[in-house]
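A short write-up of the structure that comes next.
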2 protein chains.
Amino acid sequence: MSIPDERDLVSPAASGHGRHIPPASLARLTVYLRVLGTMMTEGIERVSSEELAEAAGVNSPKLRKDLSYLGSYGTRGVGYDVPYLSGQISAALGLTLDWRVAIVGAGHLGRALAGYPGFGSRGFEVVALFDADQMAVGQEVGWLRISPVEAMESILEKTRANMAVLAVPAEAAQGMCDRLVDAGITSILSFAPVVLQVPAEVQIRKVDMATELQILAYHAQRAQVSALATDAQARMLR
Amino acid sequence: MSIPDERDLVSPAASGHGRHIPPASLARLTVYLRVLGTMMTEGIERVSSEELAEAAGVNSPKLRKDLSYLGSYGTRGVGYDVPYLSGQISAALGLTLDWRVAIVGAGHLGRALAGYPGFGSRGFEVVALFDADQMAVGQEVGWLRISPVEAMESILEKTRANMAVLAVPAEAAQGMCDRLVDAGITSILSFAPVVLQVPAEVQIRKVDMATELQILAYHAQRAQVSALATDAQARMLR
DNA sequence: TAATGTGAATACTTTCACAGCA
DNA sequence: TGCTGTGAAAGTATTCACATTA
(Lines give C-alpha, C1' and ligand atoms only; values in the text may rest on other atoms or scores of the structure.)
Protein backbone atom coordinates (compact mmCIF):
# COMPACT_ATOMS: atom_id res chain seq x y z
CA MET A 1 0.00 0.00 0.00
CA SER A 2 1.34 3.40 -0.91
CA ILE A 3 1.06 6.47 1.21
CA PRO A 4 -1.17 9.02 -0.52
CA ASP A 5 0.46 12.28 -1.52
CA GLU A 6 -0.13 14.99 1.06
CA ARG A 7 -1.98 17.09 -1.48
CA ASP A 8 -4.73 14.52 -1.74
CA LEU A 9 -5.39 14.83 1.95
CA VAL A 10 -6.04 18.55 2.00
CA SER A 11 -9.74 19.24 2.17
CA PRO A 12 -11.02 21.32 -0.74
CA ALA A 13 -12.89 23.61 1.63
CA ALA A 14 -9.79 24.50 3.62
CA SER A 15 -7.68 25.64 0.71
CA GLY A 16 -9.60 26.17 -2.46
CA HIS A 17 -9.20 23.20 -4.75
CA GLY A 18 -6.71 21.58 -2.44
CA ARG A 19 -4.11 21.89 -5.18
CA HIS A 20 -1.10 23.95 -4.55
CA ILE A 21 -0.99 27.43 -6.06
CA PRO A 22 1.94 27.96 -8.47
CA PRO A 23 4.48 30.34 -6.91
CA ALA A 24 4.15 32.93 -9.65
CA SER A 25 0.38 33.04 -9.22
CA LEU A 26 0.67 33.16 -5.46
CA ALA A 27 2.77 36.31 -5.61
CA ARG A 28 0.22 37.99 -7.86
CA LEU A 29 -2.73 36.92 -5.72
CA THR A 30 -1.37 39.05 -2.89
CA VAL A 31 -1.44 42.02 -5.25
CA TYR A 32 -5.05 41.34 -6.26
CA LEU A 33 -5.93 41.17 -2.61
CA ARG A 34 -4.42 44.57 -1.95
CA VAL A 35 -6.17 46.10 -4.96
CA LEU A 36 -9.50 44.57 -3.89
CA GLY A 37 -8.98 46.06 -0.44
CA THR A 38 -8.50 49.50 -1.95
CA MET A 39 -11.62 49.01 -4.05
CA MET A 40 -13.62 48.08 -0.98
CA THR A 41 -12.64 51.27 0.80
CA GLU A 42 -13.73 53.12 -2.34
CA GLY A 43 -17.11 51.43 -2.20
CA ILE A 44 -16.63 49.49 -5.45
CA GLU A 45 -18.75 46.33 -5.21
CA ARG A 46 -18.27 44.65 -8.54
CA VAL A 47 -15.36 44.36 -10.92
CA SER A 48 -14.57 42.61 -14.20
CA SER A 49 -11.36 40.66 -14.78
CA GLU A 50 -10.36 43.37 -17.23
CA GLU A 51 -10.71 46.15 -14.65
CA LEU A 52 -9.06 44.24 -11.84
CA ALA A 53 -6.19 43.20 -14.10
CA GLU A 54 -5.66 46.80 -15.18
CA ALA A 55 -5.56 47.97 -11.57
CA ALA A 56 -3.15 45.19 -10.65
CA GLY A 57 -0.84 45.80 -13.60
CA VAL A 58 -1.31 42.41 -15.31
CA ASN A 59 -3.29 41.22 -18.32
CA SER A 60 -6.74 39.76 -17.85
CA PRO A 61 -6.17 36.17 -19.02
CA LYS A 62 -3.36 35.87 -16.52
CA LEU A 63 -5.57 37.19 -13.76
CA ARG A 64 -8.37 34.77 -14.62
CA LYS A 65 -5.93 31.88 -14.75
CA ASP A 66 -4.55 32.85 -11.35
CA LEU A 67 -8.04 32.99 -9.85
CA SER A 68 -8.92 29.66 -11.42
CA TYR A 69 -6.39 27.96 -9.12
CA LEU A 70 -8.63 28.90 -6.19
CA GLY A 71 -11.97 28.01 -7.71
CA SER A 72 -14.80 29.70 -9.62
CA TYR A 73 -15.76 32.78 -7.71
CA GLY A 74 -16.99 35.02 -10.52
CA THR A 75 -20.25 35.29 -12.41
CA ARG A 76 -20.11 34.88 -16.18
CA GLY A 77 -21.31 37.91 -18.03
CA VAL A 78 -21.07 39.97 -14.85
CA GLY A 79 -17.70 39.83 -13.10
CA TYR A 80 -16.62 39.43 -9.50
CA ASP A 81 -18.17 40.58 -6.23
CA VAL A 82 -15.35 42.56 -4.62
CA PRO A 83 -15.76 41.66 -0.91
CA TYR A 84 -16.56 38.05 -1.71
CA LEU A 85 -13.53 37.56 -3.96
CA SER A 86 -11.34 39.31 -1.42
CA GLY A 87 -12.56 36.94 1.27
CA GLN A 88 -11.96 33.88 -0.89
CA ILE A 89 -8.40 34.91 -1.70
CA SER A 90 -7.70 35.66 1.96
CA ALA A 91 -8.99 32.25 2.96
CA ALA A 92 -6.97 30.47 0.27
CA LEU A 93 -3.79 32.22 1.38
CA GLY A 94 -4.38 31.32 5.01
CA LEU A 95 -4.80 34.90 6.16
CA THR A 96 -7.76 34.05 8.31
CA LEU A 97 -5.40 32.35 10.74
CA ASP A 98 -3.52 34.25 13.45
CA TRP A 99 -0.08 35.36 12.38
CA ARG A 100 2.11 36.78 15.09
CA VAL A 101 5.33 38.30 13.86
CA ALA A 102 8.54 38.93 15.78
CA ILE A 103 10.99 41.43 14.34
CA VAL A 104 14.65 40.85 15.11
CA GLY A 105 16.70 44.02 14.85
CA ALA A 106 15.41 47.45 15.83
CA GLY A 107 17.53 49.67 13.63
CA HIS A 108 15.87 51.95 11.10
CA LEU A 109 14.69 48.98 9.07
CA GLY A 110 13.24 47.08 12.02
CA ARG A 111 11.45 50.19 13.21
CA ALA A 112 10.11 50.91 9.73
CA LEU A 113 8.72 47.37 9.65
CA ALA A 114 7.28 47.61 13.15
CA GLY A 115 5.41 50.74 12.19
CA TYR A 116 4.31 49.52 8.76
CA PRO A 117 0.53 49.99 8.54
CA GLY A 118 0.20 47.27 5.90
CA PHE A 119 0.78 44.53 8.49
CA GLY A 120 -2.01 45.02 10.96
CA SER A 121 -4.54 45.65 8.24
CA ARG A 122 -3.74 42.34 6.61
CA GLY A 123 -3.84 39.89 9.46
CA PHE A 124 -0.28 40.19 10.75
CA GLU A 125 0.31 41.33 14.29
CA VAL A 126 3.78 42.42 15.34
CA VAL A 127 4.17 40.95 18.80
CA ALA A 128 7.84 41.56 19.59
CA LEU A 129 10.78 43.66 18.52
CA PHE A 130 14.30 42.67 19.57
CA ASP A 131 17.63 44.41 19.61
CA ALA A 132 21.11 43.58 20.84
CA ASP A 133 21.95 47.19 21.72
CA GLN A 134 21.34 47.95 25.41
CA MET A 135 20.69 51.60 24.50
CA ALA A 136 17.78 50.57 22.29
CA VAL A 137 16.21 48.08 24.71
CA GLY A 138 13.23 49.57 26.48
CA GLN A 139 12.56 52.26 23.88
CA GLU A 140 9.01 52.48 22.60
CA VAL A 141 8.26 51.98 18.91
CA GLY A 142 4.57 52.46 18.21
CA TRP A 143 2.73 50.15 20.61
CA LEU A 144 5.79 48.03 21.23
CA ARG A 145 8.73 48.20 23.54
CA ILE A 146 12.09 46.92 22.34
CA SER A 147 13.14 43.70 24.10
CA PRO A 148 16.67 42.40 24.65
CA VAL A 149 17.72 39.61 22.25
CA GLU A 150 19.02 37.70 25.27
CA ALA A 151 15.40 37.03 26.20
CA MET A 152 14.33 36.17 22.67
CA GLU A 153 13.48 32.51 23.21
CA SER A 154 11.26 33.07 26.22
CA ILE A 155 9.51 36.05 24.65
CA LEU A 156 8.89 34.16 21.43
CA GLU A 157 7.20 31.47 23.45
CA LYS A 158 5.24 33.86 25.64
CA THR A 159 3.93 35.85 22.66
CA ARG A 160 3.39 32.66 20.64
CA ALA A 161 5.09 34.25 17.65
CA ASN A 162 4.86 32.02 14.56
CA MET A 163 6.80 34.13 12.06
CA ALA A 164 9.93 36.22 12.23
CA VAL A 165 11.51 39.03 10.26
CA LEU A 166 15.28 39.37 10.30
CA ALA A 167 16.43 42.98 10.11
CA VAL A 168 19.93 42.61 11.50
CA PRO A 169 23.36 43.24 9.94
CA ALA A 170 24.75 40.53 7.66
CA GLU A 171 27.25 39.30 10.26
CA ALA A 172 24.54 38.62 12.83
CA ALA A 173 21.98 37.07 10.51
CA GLN A 174 22.95 33.39 10.49
CA GLY A 175 23.30 33.28 14.27
CA MET A 176 19.93 34.88 14.87
CA CYS A 177 18.39 32.66 12.21
CA ASP A 178 19.68 29.56 13.97
CA ARG A 179 18.19 30.74 17.26
CA LEU A 180 14.82 31.38 15.63
CA VAL A 181 14.82 27.92 14.07
CA ASP A 182 15.80 26.31 17.38
CA ALA A 183 12.95 28.19 19.02
CA GLY A 184 10.56 26.54 16.59
CA ILE A 185 9.97 29.36 14.10
CA THR A 186 9.43 27.90 10.63
CA SER A 187 8.64 31.02 8.58
CA ILE A 188 11.32 33.66 8.23
CA LEU A 189 11.59 36.79 6.12
CA SER A 190 15.16 38.05 5.91
CA PHE A 191 16.43 41.45 4.87
CA ALA A 192 20.05 40.53 5.54
CA PRO A 193 22.24 40.37 2.42
CA VAL A 194 23.55 36.87 3.06
CA VAL A 195 22.54 33.35 2.08
CA LEU A 196 21.04 31.71 5.16
CA GLN A 197 21.32 27.98 5.70
CA VAL A 198 18.18 26.49 7.23
CA PRO A 199 16.62 23.03 7.54
CA ALA A 200 14.32 22.04 4.67
CA GLU A 201 11.16 22.38 6.74
CA VAL A 202 11.81 26.06 7.42
CA GLN A 203 10.38 28.48 4.87
CA ILE A 204 12.64 31.40 4.22
CA ARG A 205 12.18 34.39 1.94
CA LYS A 206 14.76 37.03 1.23
CA VAL A 207 14.56 40.67 0.25
CA ASP A 208 17.76 42.36 -0.84
CA MET A 209 17.76 45.95 -2.01
CA ALA A 210 21.18 45.64 -3.64
CA THR A 211 19.92 42.74 -5.76
CA GLU A 212 16.95 44.80 -6.88
CA LEU A 213 19.12 47.74 -7.87
CA GLN A 214 21.51 45.46 -9.74
CA ILE A 215 18.65 44.03 -11.77
CA LEU A 216 17.52 47.57 -12.62
CA ALA A 217 21.10 48.46 -13.54
CA TYR A 218 21.31 45.54 -15.92
CA HIS A 219 18.19 46.63 -17.80
CA ALA A 220 19.23 50.28 -17.83
CA GLN A 221 22.65 49.37 -19.19
CA ARG A 222 21.08 47.32 -21.98
CA ALA A 223 18.79 50.20 -22.87
CA GLN A 224 21.84 52.48 -23.04
CA VAL A 225 23.82 50.05 -25.15
CA SER A 226 21.01 49.45 -27.60
CA ALA A 227 20.35 53.20 -27.84
CA LEU A 228 23.99 53.70 -28.77
CA ALA A 229 23.78 50.87 -31.29
CA THR A 230 20.64 52.31 -32.87
CA ASP A 231 22.39 55.64 -32.98
CA ALA A 232 25.47 54.22 -34.68
CA GLN A 233 23.27 52.39 -37.13
CA ALA A 234 21.36 55.59 -37.90
CA ARG A 235 24.65 57.34 -38.65
CA MET A 236 25.75 54.55 -40.96
CA LEU A 237 22.50 54.64 -42.89
CA ARG A 238 22.72 58.36 -43.32
CA MET B 1 13.87 34.10 -2.56
CA SER B 2 12.87 36.57 -5.12
CA ILE B 3 9.40 36.70 -6.44
CA PRO B 4 9.20 35.13 -9.86
CA ASP B 5 8.94 38.22 -11.86
CA GLU B 6 7.28 39.93 -14.69
CA ARG B 7 7.86 41.00 -18.23
CA ASP B 8 11.03 41.33 -20.08
CA LEU B 9 10.69 44.07 -22.61
CA VAL B 10 14.23 44.75 -23.63
CA SER B 11 15.23 45.28 -27.22
CA PRO B 12 17.84 42.99 -28.77
CA ALA B 13 21.27 44.31 -27.96
CA ALA B 14 24.13 44.58 -30.40
CA SER B 15 27.33 44.23 -28.42
CA GLY B 16 29.28 42.02 -26.08
CA HIS B 17 27.62 38.66 -25.86
CA GLY B 18 24.47 40.40 -27.04
CA ARG B 19 22.17 37.78 -25.58
CA HIS B 20 19.84 38.79 -22.85
CA ILE B 21 20.11 37.01 -19.53
CA PRO B 22 16.90 35.20 -18.48
CA PRO B 23 15.30 37.03 -15.53
CA ALA B 24 15.54 34.05 -13.20
CA SER B 25 19.25 33.68 -13.91
CA LEU B 26 19.81 37.41 -13.56
CA ALA B 27 18.42 37.40 -10.03
CA ARG B 28 20.70 34.54 -9.06
CA LEU B 29 23.76 36.12 -10.66
CA THR B 30 23.50 38.98 -8.16
CA VAL B 31 23.67 36.39 -5.39
CA TYR B 32 26.75 34.72 -6.88
CA LEU B 33 28.35 38.14 -7.08
CA ARG B 34 27.74 38.76 -3.40
CA VAL B 35 29.08 35.36 -2.42
CA LEU B 36 32.18 35.86 -4.57
CA GLY B 37 32.72 39.21 -2.87
CA THR B 38 32.64 37.54 0.52
CA MET B 39 35.07 34.89 -0.72
CA MET B 40 37.45 37.57 -1.95
CA THR B 41 37.54 39.21 1.48
CA GLU B 42 38.28 35.77 2.89
CA GLY B 43 41.19 35.38 0.51
CA ILE B 44 39.64 32.47 -1.42
CA GLU B 45 41.06 32.56 -4.93
CA ARG B 46 39.57 29.56 -6.63
CA VAL B 47 36.21 27.86 -6.37
CA SER B 48 34.38 24.98 -8.06
CA SER B 49 30.80 25.21 -9.27
CA GLU B 50 29.89 22.79 -6.51
CA GLU B 51 31.34 24.99 -3.76
CA LEU B 52 29.97 28.24 -5.15
CA ALA B 53 26.54 26.71 -5.64
CA GLU B 54 26.53 25.44 -2.06
CA ALA B 55 27.43 28.88 -0.73
CA ALA B 56 24.77 30.51 -2.89
CA GLY B 57 22.05 28.06 -1.93
CA VAL B 58 21.45 26.57 -5.41
CA ASN B 59 22.47 23.32 -7.11
CA SER B 60 25.56 23.23 -9.27
CA PRO B 61 24.04 22.49 -12.70
CA LYS B 62 21.83 25.54 -12.28
CA LEU B 63 24.80 27.67 -11.36
CA ARG B 64 26.77 26.49 -14.38
CA LYS B 65 23.82 27.10 -16.67
CA ASP B 66 23.45 30.62 -15.26
CA LEU B 67 27.14 31.36 -15.82
CA SER B 68 26.96 29.95 -19.33
CA TYR B 69 24.69 32.85 -20.35
CA LEU B 70 27.65 35.17 -19.79
CA GLY B 71 30.34 33.07 -21.47
CA SER B 72 32.96 30.50 -20.49
CA TYR B 73 34.94 31.90 -17.62
CA GLY B 74 35.93 28.71 -15.85
CA THR B 75 38.72 26.18 -16.36
CA ARG B 76 37.68 22.56 -16.87
CA GLY B 77 39.07 20.27 -14.25
CA VAL B 78 39.93 23.25 -12.06
CA GLY B 79 37.05 25.64 -11.39
CA TYR B 80 36.72 29.41 -11.39
CA ASP B 81 39.13 32.18 -10.47
CA VAL B 82 37.20 34.14 -7.86
CA PRO B 83 38.21 37.76 -8.65
CA TYR B 84 38.05 37.15 -12.39
CA LEU B 85 34.58 35.60 -12.31
CA SER B 86 33.39 38.37 -10.01
CA GLY B 87 34.65 40.96 -12.48
CA GLN B 88 32.98 39.24 -15.42
CA ILE B 89 29.61 39.08 -13.68
CA SER B 90 29.92 42.72 -12.64
CA ALA B 91 30.66 43.73 -16.20
CA ALA B 92 27.78 41.69 -17.60
CA LEU B 93 25.35 43.26 -15.16
CA GLY B 94 26.51 46.77 -16.01
CA LEU B 95 27.88 47.47 -12.55
CA THR B 96 31.03 49.06 -13.94
CA LEU B 97 28.95 52.07 -14.96
CA ASP B 98 28.15 54.93 -12.58
CA TRP B 99 24.87 54.45 -10.76
CA ARG B 100 23.67 57.43 -8.76
CA VAL B 101 20.63 56.76 -6.64
CA ALA B 102 18.13 59.24 -5.23
CA ILE B 103 15.98 58.11 -2.32
CA VAL B 104 12.54 59.67 -2.05
CA GLY B 105 11.17 59.56 1.48
CA ALA B 106 13.30 59.94 4.60
CA GLY B 107 11.25 58.02 7.13
CA HIS B 108 12.75 55.01 8.88
CA LEU B 109 12.81 53.06 5.64
CA GLY B 110 14.45 55.81 3.59
CA ARG B 111 17.06 56.32 6.29
CA ALA B 112 17.72 52.60 6.54
CA LEU B 113 18.31 52.54 2.80
CA ALA B 114 20.51 55.65 2.86
CA GLY B 115 22.71 54.02 5.46
CA TYR B 116 22.75 50.58 3.86
CA PRO B 117 26.39 49.54 3.48
CA GLY B 118 25.58 47.15 0.64
CA PHE B 119 25.02 50.02 -1.78
CA GLY B 120 28.33 51.81 -1.80
CA SER B 121 30.27 48.59 -1.84
CA ARG B 122 28.49 47.44 -4.97
CA GLY B 123 28.73 50.42 -7.26
CA PHE B 124 25.69 52.39 -6.15
CA GLU B 125 26.13 55.87 -4.76
CA VAL B 126 23.27 57.49 -2.88
CA VAL B 127 23.37 61.10 -4.09
CA ALA B 128 20.16 62.56 -2.65
CA LEU B 129 17.53 61.93 0.00
CA PHE B 130 14.22 63.79 -0.15
CA ASP B 131 11.40 64.36 2.28
CA ALA B 132 8.18 66.34 2.26
CA ASP B 133 8.31 67.07 5.99
CA GLN B 134 9.87 70.46 6.77
CA MET B 135 11.02 69.11 10.13
CA ALA B 136 13.10 66.45 8.44
CA VAL B 137 14.62 68.70 5.77
CA GLY B 138 18.16 69.69 6.64
CA GLN B 139 18.78 66.78 9.00
CA GLU B 140 21.91 64.77 8.39
CA VAL B 141 21.73 61.07 7.59
CA GLY B 142 25.17 59.57 7.22
CA TRP B 143 27.00 61.73 4.68
CA LEU B 144 23.80 63.16 3.27
CA ARG B 145 21.52 66.02 4.18
CA ILE B 146 17.80 65.63 3.62
CA SER B 147 16.53 67.86 0.78
CA PRO B 148 13.02 69.23 0.32
CA VAL B 149 10.91 67.37 -2.27
CA GLU B 150 9.96 70.75 -3.72
CA ALA B 151 13.49 70.98 -5.12
CA MET B 152 13.56 67.38 -6.34
CA GLU B 153 13.74 68.05 -10.08
CA SER B 154 16.62 70.49 -9.88
CA ILE B 155 18.57 68.34 -7.43
CA LEU B 156 18.06 65.22 -9.56
CA GLU B 157 19.56 67.11 -12.46
CA LYS B 158 22.40 68.61 -10.45
CA THR B 159 23.39 65.27 -8.94
CA ARG B 160 22.82 63.47 -12.27
CA ALA B 161 20.84 60.76 -10.46
CA ASN B 162 19.95 57.91 -12.81
CA MET B 163 17.98 55.67 -10.46
CA ALA B 164 15.46 56.30 -7.73
CA VAL B 165 14.10 54.46 -4.72
CA LEU B 166 10.57 55.26 -3.56
CA ALA B 167 10.17 54.97 0.21
CA VAL B 168 7.07 57.10 0.68
CA PRO B 169 3.58 56.24 1.98
CA ALA B 170 1.20 54.54 -0.46
CA GLU B 171 -0.85 57.71 -1.01
CA ALA B 172 2.16 59.72 -2.15
CA ALA B 173 3.78 57.05 -4.31
CA GLN B 174 2.10 57.54 -7.69
CA GLY B 175 2.55 61.31 -7.57
CA MET B 176 6.24 61.05 -6.72
CA CYS B 177 6.68 58.35 -9.32
CA ASP B 178 5.19 60.61 -12.00
CA ARG B 179 7.56 63.40 -11.03
CA LEU B 180 10.56 61.06 -11.21
CA VAL B 181 9.51 59.84 -14.65
CA ASP B 182 8.97 63.42 -15.87
CA ALA B 183 12.44 64.24 -14.57
CA GLY B 184 13.84 61.55 -16.83
CA ILE B 185 14.43 58.73 -14.31
CA THR B 186 13.87 55.38 -16.02
CA SER B 187 14.83 52.94 -13.24
CA ILE B 188 12.72 52.92 -10.09
CA LEU B 189 12.65 50.64 -7.08
CA SER B 190 9.46 51.05 -5.08
CA PHE B 191 8.72 50.01 -1.51
CA ALA B 192 5.23 51.51 -1.59
CA PRO B 193 2.43 48.94 -1.38
CA VAL B 194 0.60 50.15 -4.48
CA VAL B 195 0.64 49.29 -8.17
CA LEU B 196 2.41 52.12 -9.97
CA GLN B 197 1.48 53.04 -13.53
CA VAL B 198 4.51 54.01 -15.60
CA PRO B 199 5.35 54.29 -19.32
CA ALA B 200 6.71 51.11 -20.91
CA GLU B 201 10.26 52.45 -21.20
CA VAL B 202 10.53 52.91 -17.42
CA GLN B 203 11.81 49.90 -15.50
CA ILE B 204 10.14 49.47 -12.17
CA ARG B 205 10.67 46.88 -9.47
CA LYS B 206 8.62 46.46 -6.34
CA VAL B 207 9.34 45.20 -2.87
CA ASP B 208 6.40 44.66 -0.56
CA MET B 209 6.88 43.19 2.90
CA ALA B 210 3.18 42.35 3.27
CA THR B 211 3.33 40.29 0.08
CA GLU B 212 6.34 38.41 1.40
CA LEU B 213 4.66 37.61 4.70
CA GLN B 214 1.51 36.50 2.91
CA ILE B 215 3.50 34.06 0.80
CA LEU B 216 5.09 32.68 3.97
CA ALA B 217 1.66 32.45 5.59
CA TYR B 218 0.34 30.43 2.66
CA HIS B 219 3.12 27.86 2.97
CA ALA B 220 2.86 27.70 6.76
CA GLN B 221 -0.88 27.16 6.55
CA ARG B 222 -0.42 24.30 4.08
CA ALA B 223 2.12 22.70 6.37
CA GLN B 224 -0.36 22.98 9.23
CA VAL B 225 -3.25 21.59 7.20
CA SER B 226 -1.27 18.64 5.90
CA ALA B 227 0.06 17.90 9.38
CA LEU B 228 -3.54 17.78 10.60
CA ALA B 229 -4.52 15.54 7.69
CA THR B 230 -1.63 13.15 8.33
CA ASP B 231 -2.68 13.12 11.94
CA ALA B 232 -6.28 12.32 11.09
CA GLN B 233 -5.18 9.57 8.76
CA ALA B 234 -2.95 8.10 11.43
CA ARG B 235 -5.95 7.96 13.74
CA MET B 236 -8.07 6.26 11.08
CA LEU B 237 -5.48 3.62 10.40
CA ARG B 238 -5.13 2.86 14.06
C1' DT C 1 41.04 12.99 -14.33
C1' DA C 2 38.25 16.37 -12.42
C1' DA C 3 35.12 19.75 -13.32
C1' DT C 4 33.21 22.86 -16.92
C1' DG C 5 29.81 23.93 -20.56
C1' DT C 6 25.79 22.53 -23.09
C1' DG C 7 22.21 19.95 -25.82
C1' DA C 8 18.12 17.45 -24.90
C1' DA C 9 14.36 16.14 -21.74
C1' DT C 10 11.28 17.61 -18.36
C1' DA C 11 8.63 20.78 -15.76
C1' DC C 12 6.52 25.08 -15.11
C1' DT C 13 4.34 29.66 -16.74
C1' DT C 14 2.07 32.46 -19.82
C1' DT C 15 -0.74 33.25 -23.65
C1' DC C 16 -4.60 32.44 -26.44
C1' DA C 17 -8.99 31.34 -28.16
C1' DC C 18 -13.26 29.92 -27.28
C1' DA C 19 -16.70 26.93 -24.89
C1' DG C 20 -19.98 27.64 -21.37
C1' DC C 21 -22.96 30.05 -18.46
C1' DA C 22 -25.70 33.96 -16.16
C1' DT D 1 -24.87 39.18 -25.06
C1' DG D 2 -20.78 39.69 -22.16
C1' DC D 3 -17.54 37.89 -19.35
C1' DT D 4 -15.74 33.93 -16.83
C1' DG D 5 -13.15 29.63 -16.70
C1' DT D 6 -10.11 26.46 -18.98
C1' DG D 7 -7.90 23.28 -22.28
C1' DA D 8 -4.19 23.46 -25.59
C1' DA D 9 -0.17 25.85 -27.56
C1' DA D 10 3.83 28.58 -26.99
C1' DG D 11 7.41 30.18 -24.33
C1' DT D 12 10.68 29.85 -20.13
C1' DA D 13 13.15 27.58 -16.60
C1' DT D 14 15.26 23.64 -14.51
C1' DT D 15 17.32 19.27 -14.51
C1' DC D 16 20.26 15.83 -16.27
C1' DA D 17 23.80 13.43 -18.47
C1' DC D 18 27.91 13.54 -20.74
C1' DA D 19 31.15 15.22 -24.28
C1' DT D 20 34.88 18.18 -23.70
C1' DT D 21 39.05 20.09 -22.26
C1' DA D 22 42.87 21.99 -19.27
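In what follows, chains carry the letters A, B, and so on, assigned in the order in which the sequence lines appear, proteins first and then strands, with residues in each chain numbered from 1. Since the model is a prediction, treat every value here as computed from it, not as a measurement. Just the heavy atoms: all of them, side chains too, but no hydrogens, waters or symmetry mates, feed the values below.
In this structure, A:Thr38 contributes its side chain and A:Arg34 its backbone to a donor-acceptor pair below 3.5 Å.
Here the C1' atom of nucleotide C:dT13 and the CG atom of A:Leu29 are 14 Å apart, to the nearest Å. Counting to the nearest Å, the P atom of D:dT14 and the CD1 atom of B:Ile21 are 14 Å from each other. B:Asp66 has its CG atom 17 Å from the P atom of D:dT12, to the nearest Å.
Between A:Val82 and A:Arg46 the shortest heavy-atom distance is CG2-N, 3.7 Å. When all heavy atoms of A:Arg122 and A:Tyr116 are compared, the closest pair comes out as NH2-OH, 3.9 Å.
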Without placing hydrogens or testing angles, list every side-chain donor-acceptor pair under 3.5 Å for residues 83-96 of chain A, not counting sequence neighbours.
from: A:Gln88; atom 1: OE1; to: A:Tyr73; atom 2: OH; distance (Å): 3.3
from: A:Ser90; atom 1: OG; to: A:Ser86; atom 2: O; distance (Å): 3.2

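Put simply, A:Tyr69 has no side-chain N or O that comes within less than 4.0 Å of OP1 or OP2 on C:dT13. Under 4.0 angstrom from either OP1 or OP2 of D:dT14 there lies at least one side-chain N or O belonging to B:Arg28.
Here the side chain of B:Tyr80 is nearest to one of C:dT4, D:dA13, D:dG5, namely C:dT4.
Looking at residues two or more places apart in sequence or on another chain, you find a salt bridge (charged side-chain N to carboxylate O under 4.0 Å, His left out) between A:Arg100 and A:Asp98. Evaluation of the ring-ring contact (aromatic ring centres under 6.0 Å, His included) rule for B:Tyr32 yields no partner, not counting sequence neighbours.
Residue A:Gln197 qualifies as enclosed at atom CD: its count of foreign heavy atoms under 6.0 Å is above 12.
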N/O to N/O distances under 3.5 Å, protein versus nucleotides 19-22 of chain D:
from: D:dT20; atom 1: O2; to: B:Arg76; atom 2: NH1; distance (Å): 2.7

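Each of A:Lys65 and B:Leu67 has a nearest nucleotide on DNA chain C; the 5'-most of these lies closest to B:Leu67.
Residues from residues 43-64 of chain B that place a heavy atom under 4.0 Å from any atom of DNA chain C, listed by number: B:Ser48, B:Ser49, B:Arg64.
For the side-chain hydrogen bond (donor to acceptor under 3.5 Å, both in side chains) condition, the pairs that include at least one residue of residues 177-187 of chain B, sequence neighbours left out, are B:Glu153-B:Arg179, B:Gln174-B:Asp178.
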